[in-house]
*Asks:* 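Here it is: the structure, laid out below.
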Amino acid sequence: MDSETVANGAITKPKDSPVVPGEFTFTVSKTDGRARTGEIRMPRGVIRTPAFMPVGTAATVKAMYPEQVKALGADVVLGNTYHLMLRPGAERVARLGGLHAFMNWPYPILTDSGGFQVMSLAGLRKIDETGVRFQSHIDGSRHVLTPERSIEIQGLLGSDIQMQLDECVKLPAEERVVEKAMYLSLRWAERCRVAFGEQPGKAMFGIVQGGTVDRLRIESARELVGLSLKGYAIGGLAVGEPQSDMLRTLDTVGPYLPTEKPRYLMGVGTPDDIVQSVRRGVDMFDCVMPTRAGRHGLAYTRFGRVNLRNARHAEALEPLDPQSSCVASSTYSRAYLHHLVRANEILGMMLLTWNNLAYYQELMAGLRKAISDGRLDDHIAEVKDCWARGEAQLAKNQSAS
RNA sequence: GCAGCUGUAGCUCAUUUGGUUAGAGCGUCGGAUUGUGGCUCCGAAGGUCAGUGGUUCGAGUCCACUCAGCUGUA
């Protein structure tokens, strides 16, 4: 564990992170098959890729101190247009000095455009060429989000990597629905690019859509690349389709994306999803899995998943992972975590979120090193073997008790 | 002591004038969760309807007694 984070049991003030003026750049230092490792540089810092970005929707990575998130090795967090525009409001965040100062995270921030949340959260929503009309899930108030307004909001927040507004379709869906959403997203990408203009040191990413239809994905990627953006996201995956469909879609899209630009697979995923996607050349990920699962009592570890709600942990004195450098993983007994989760105690959420993010960052660091060393496939085999052995052990303990 | 009320799943309660296999919420035991609602969803286990006896073709339901709890009263 980074001593900075736990010195004297207190969260310490982070060292100032002076903003270094400069361009937004991506350099690949090593490849292994289709996988690559490298760095995205921008004034607020460096993102080591492949990267996992903890999700900090409402200007907080839930149940974590920002200082902890950084100490775990996260170089960038995700913030959210939809949530922040509703509460506390983009203009207010701007008046308060921007999102970085507001949430005490001086490092890079990527913001989602709000398209996905409108699909997954908002009530009554209407999508047309101009944008999205929706009702807030908080108070029912009515709002309009256009591509231009989404970029404006992300600018007010001070986001370093801004996402185009897109329409994300839940799968399975009819092909014509997916196609319509893909073309609308393309037109919105162009409007977002114009609205974003030229902003040194910052980037706007486009989002490839098209469901699991190869023809649509290829068309989407081709058109987007024509806009020569600074990075390309693959959206609309892990939204209900089997993993095999997702991986096949990555295989399809990969060749159409420029190798010198970062690739971001949005909303993914489980450790296995991430490992498989890194092999296919993805550089960036974000997912609520480690944080949400943590709040619900599920731990991700080197030895697979552990559901701490389960009665079998009630008197288990061993920690989640005695070898881990993370305090939450190596010091607290499963019995204690079980109790905290059952009692719905805040500390339970904090410790499990901490453990999960630690594991995710450890997973990414391992993948980066393996790519550097040119032994990614061997490394992945080891990682998966460890999950399998852990879960077999858990099953054995269960049948024994 | 007397009178009244109450007794159904671990808990809080349903169960139309007696009528198929007594239900719900919470809890318990599992599972799901992928560009975050600490939200939510799915499945399972769990009952001698306080007990005994009676009336009836048929009783959680009606009657008697016993037990337990609550309230009032001398």
Side-chain angles (χ1 to χ4, degrees), chain A residues 52-64 76-84 86-87 109-123 136-139 150 154 159 161-171 185 205-209 231-243 245-247 264-277 282 284-298 300 305 307-314 338 340-350 352-353 356-357 360 394-395 398 401:
Chain A
F52 180 80
M53 308 184 280
V55 177
T57 296
T60 163
V61 176
K62 295 182 196 289
M64 293 285 287
V76 49
V77 298
L78 187 137
N80 207 289
T81 297
Y82 173 87
H83 294 266
L84 296 171
L86 297 178
R87 184 173 57 193
I109 293 177
L110 178 147
T111 45
D112 196 7
S113 63
F116 184 84
Q117 287 67 42
V118 167
M119 170 195 85
S120 65
L121 295 179
S136 160
H137 71 283
I138 300 167
D139 61 5
S150 177
Q154 295 181 68
S159 168
I161 303 179
Q162 307 180 18
M163 301 304 299
Q164 72 152 101
L165 187 67
D166 66 339
E167 184 189 357
C168 182
V169 176
K170 227 176 207 127
L171 299 178
S185 297
F205 283 16
I207 306 175
V208 176
Q209 285 290 351
Y232 296 93
I234 300 163
L237 288 177
V239 289
E241 81 286 1
Q243 191 201 42
D245 285 1
M246 178 180 89
L247 297 180
Y264 163 29
L265 180 55
M266 305 186 76
V268 173
T270 63
D272 187 55
D273 287 340
I274 289 175
V275 161
Q276 301 298 345
S277 303
V282 175
M284 303 163 69
F285 300 88
D286 80 279
C287 190
V288 303
M289 197 75 81
T291 40
R292 179 188 284 161
R295 294 196 303 282
H296 292 184
L298 188 64
Y300 282 91
R305 302 177 352 146
N307 186 350
L308 286 153
R309 289 199 75 87
N310 291 355
R312 72 174 82 107
H313 305 298
H338 171 83
L340 292 175
V341 166
R342 297 292 276 251
N344 202 26
E345 281 292 341
I346 292 171
L347 184 59
M349 300 179 188
M350 293 169 66
L352 288 181
T353 301
N356 288 353
L357 285 181
Y360 265 65
L394 210 57
Q398 186 181 18
S401 63

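As a basis for the values below, the full set of heavy atoms in this structure was taken, side chains included, without hydrogen atoms, waters or symmetry mates. First the proteins, then the strands, lettered A, B, ... as listed; each starts at 1.
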*Asks:* Is A:Gly236 touching bases, backbone alone, or none of the nucleic acid, heavy atoms closer than 4.0 Å?
*Replies:*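 The answer is base, as A:Gly236 lies within the cut-off (heavy atoms under 4.0 Å) of a base atom.
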*Asks:* For B:U28 versus B:A45, give the span between their C1' atoms, rounded off to a whole number of Å.
*Replies:*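 Taking atom C1' in both B:U28 and B:A45, they lie 8 Å apart.
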*Asks:* Would you mind pulling out the nucleotide paired to B:G30, Watson-Crick or G-U wobble, both distances under 3.5 Å?
*Replies:*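 Paired with B:C42.
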*Asks:* What's the closest nucleotide to the A:Arg305 side chain, out of B:G35, B:G30, B:U33?
*Replies:*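 Among B:G35, B:G30, B:U33, the one nearest the side chain of A:Arg305 is B:U33.
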*Asks:* Counting N and O atoms only, with roles assigned by atom type, does the side chain of A:Ser150 sit under 3.5 Å from a partner on the main chain of A:Ser113, one being a donor and the other an acceptor?
*Replies:*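 Answer holds: yes.
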*Asks:* Is there a donor on the side chain of A:Gln162 or the base of B:G35 sitting less than 3.5 Å from an acceptor on the other?
*Replies:*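 Donor-acceptor pair under 3.5 Å: no.
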*Asks:* By nearest atom, which of the nucleotides B:U34, B:G35, B:G31 is closest to the A:Met266 side chain?
*Replies:*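 Among the listed nucleotides, the one closest to the side chain of A:Met266 is B:G35.
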*Asks:* Quickly work out the A:Asn80 CG to B:G35 P distance and round it to whole Å.
*Replies:*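 It works out to 10 Å between those atoms.
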*Asks:* Can you measure A:Met246 atom CE to B:G35 atom P for me and round it to whole angstrom units?
*Replies:*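 Going from A:Met246 (CE) to B:G35 (P), I get 12 Å.
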*Asks:* In whole angstrom, give the distance that lies between atom CG of A:Asn310 and atom C1' of B:A44.
*Replies:*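 For the pair A:Asn310 CG and B:A44 C1', the rounded distance is 14 Å.
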*Asks:* Find the partner of B:C49: check Watson-Crick (N1-N3 plus N6-O4 or O6-N4) and G-U wobble (N1-O2, O6-N3) distances, both under 3.5 Å, and reply none if neither fits.
*Replies:*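 Result: none.
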*Asks:* Please classify the nucleic acid contact of A:Arg87 as base, sugar-phosphate, or nothing, using heavy-atom distances under 4.0 Å.
*Replies:*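 Since no nucleic acid heavy atom lies under 4.0 Å of A:Arg87, the category is nothing.
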*Asks:* Could you identify the nucleotide paired to B:C5, looking across every strand shown and requiring Watson-Crick or G-U wobble geometry with both distances under 3.5 Å?
*Replies:*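 When the pairing criteria are applied, B:G69 turns out to be the nucleotide that pairs with B:C5.
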*Asks:* Reading RNA chain B from 5' onward, which residue's closest nucleotide shows up sooner: A:Met349 or A:Phe116?
*Replies:*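 Between the two, 5'-proximity favours A:Phe116.
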*Asks:* Side-chain N or O of A:Arg292 versus OP1/OP2 of B:U34: is the shortest distance under 4.0 Å?
*Replies:*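 Answer yes for this pair, as a side-chain N or O of A:Arg292 is under 4.0 Å from OP1 or OP2.
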*Asks:* Touch check for A:Leu110, heavy atoms < 4.0 angstrom, all strands: base, sugar-phosphate only, or nothing?
*Replies:*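 Nothing, no nucleic acid heavy atom in range.
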*Asks:* In the strands shown, is B:C13 matched to any nucleotide by a Watson-Crick or G-U wobble pair with both distances under 3.5 Å, and which?
*Replies:*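 Its partner is B:G23 (Watson-Crick or G-U wobble, both distances under 3.5 Å).
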*Asks:* Would you mind reading off the distance between A:Leu298 atom CG and B:G38 atom P, rounded to a whole angstrom?
*Replies:*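 Taking CG of A:Leu298 and P of B:G38, I get 15 Å after rounding.
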*Asks:* Select one nucleotide: of B:U28, B:G35, B:U40, the one nearest the side-chain heavy atoms of A:Arg309.
*Replies:*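 Of B:U28, B:G35, B:U40, B:U28 is nearest to the side chain of A:Arg309.
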*Asks:* Over 60° means perpendicular and under 30° means parallel, so classify the ring planes of A:His137 and A:Tyr82, tilted if in between.
*Replies:*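 Rings of A:Tyr82 and A:His137: parallel, as their planes differ by under 30°.
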*Asks:* Return the 5'-most residue of the pair A:Gly267, A:Glu345 with respect to RNA chain B, ranking by each residue's nearest nucleotide.
*Replies:*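 Looking at RNA chain B, the more 5' nearest nucleotide goes with A:Gly267.
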*Asks:* Rounded off to whole Å, could you give me the CZ-to-C1' distance for the A:Arg295 and B:G38 pair?
*Replies:*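 Taking CZ of A:Arg295 and C1' of B:G38, I get 6 Å after rounding.
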*Asks:* Starting at CD of A:Gln209 and ending at P of B:G35, how long is that distance when rounded to a whole Å?
*Replies:*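 Going from CD in A:Gln209 over to P in B:G35 covers 14 Å.
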*Asks:* Any N or O donor-acceptor pair linking the side chain of A:Asn307 to the base of B:G31 at under 3.5 Å?
*Replies:*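 Checked by distance alone, the answer is no.
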*Asks:* Let me confirm one number: the CG-CE distance from A:Leu78 to A:Met163, rounded to the nearest 0.5 Å.
*Replies:*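 Reported value, rounded in 0.5 Å steps: 9.0 Å.
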*Asks:* P atom, B:U8 versus B:G47: distance in rounded Å?
*Replies:*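 After rounding to an integer number of Å, I get 15 Å for this pair.
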*Asks:* Between B:G72 and B:U55, how far apart are the two C1' atoms, rounded to whole Å?
*Replies:*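 Pairwise C1' distance, B:G72 against B:U55, rounds to 33 Å.
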*Asks:* Ignoring the backbone of A:Ile346, work out which of B:G35, B:G30, B:G38 is nearest its side chain.
*Replies:*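 From the listed options, B:G38 comes nearest.
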*Asks:* With the side chain counted from C-beta on, respond yes when A:Thr353 and A:Met64 share a heavy-atom pair under 4.5 Å apart, and no when they do not.
*Replies:*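 Of all side-chain heavy-atom pairs linking A:Met64 with A:Thr353, at least one is under 4.5 Å.
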*Asks:* Kindly indicate whether the side chain of A:Val341, heavy atoms from C-beta on, has any atom under 4.5 Å from the side chain of A:His313.
*Replies:*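 The answer is no, as the side chains (C-beta and beyond) never meet within the 4.5 Å cut-off.
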*Asks:* Can you check the distance between B:U73 and B:U56, where both ends of the measurement are the P atom (answer in whole Å)?
*Replies:*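 My reading of the P atoms in B:U73 and B:U56 gives 43 Å.
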*Asks:* For the side chain of A:Val268, starting at C-beta, report the closest nucleotide among B:G38, B:U34, B:G35.
*Replies:*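 Output: B:U34.
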*Asks:* With a non-hydrogen cut-off below 4.0 angstrom, is A:His83 in contact with a base, only sugar-phosphate, or nothing?
*Replies:*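 Sugar-phosphate contact only - A:His83 comes under 4.0 Å of backbone atoms but never of a base.
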*Asks:* Rounded to whole Å, how long is the line connecting atom CG of A:Asp273 with atom P of B:A32?
*Replies:*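 Roughly 14 Å, once rounded to whole Å.
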*Asks:* Would you kindly say whether A:Ser185 and A:Gln209 are connected by a side-chain donor-acceptor distance under 3.5 Å?
*Replies:*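 Checked: A:Ser185/A:Gln209 side chains show no N/O donor-acceptor pair below 3.5 Å.
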*Asks:* On a whole-Å scale, what distance lies between the C1' atoms belonging to B:C26 and B:U33?
*Replies:*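 My reading of the C1' atoms in B:C26 and B:U33 gives 22 Å.
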*Asks:* Looking only at atom C1', what distance separates B:G1 and B:G19, rounded to whole Å?
*Replies:*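 Looking at atom C1' only, B:G1 and B:G19 are 43 Å apart.
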*Asks:* Both distances under 3.5 Å, Watson-Crick or G-U wobble: report the partner of B:G60, or none.
*Replies:*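 Partner of B:G60: none.
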*Asks:* Rounding to an integer number of Å, can you tell me how far A:Leu78 CG sits from B:G35 P?
*Replies:*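 Taking atom P of B:G35 as the reference, CG of A:Leu78 is at 9 Å.
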*Asks:* Just wondering, are more than 12 heavy atoms of other shown residues or ligands nearer than 6.0 Å to CD1 in A:Ile346?
*Replies:*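 Atom CD1 in A:Ile346 is not crowded, with 12 or fewer foreign heavy atoms closer than 6.0 Å.
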*Asks:* For the P atoms, the ones on B:A64 and on B:G25, what distance do you get once it is rounded to whole angstrom?
*Replies:*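 Taking atom P in both B:A64 and B:G25, they lie 36 Å apart.
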*Asks:* Distance between the P atoms of B:C67 and B:G27, in whole angstroms?
*Replies:*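 Those two atoms are separated by 38 Å.
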*Asks:* Hey, what do you get for CG (A:Leu308) to NE2 (A:His338), rounding to the nearest 0.5 Å?
*Replies:*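 Those atoms lie 8.5 Å apart.
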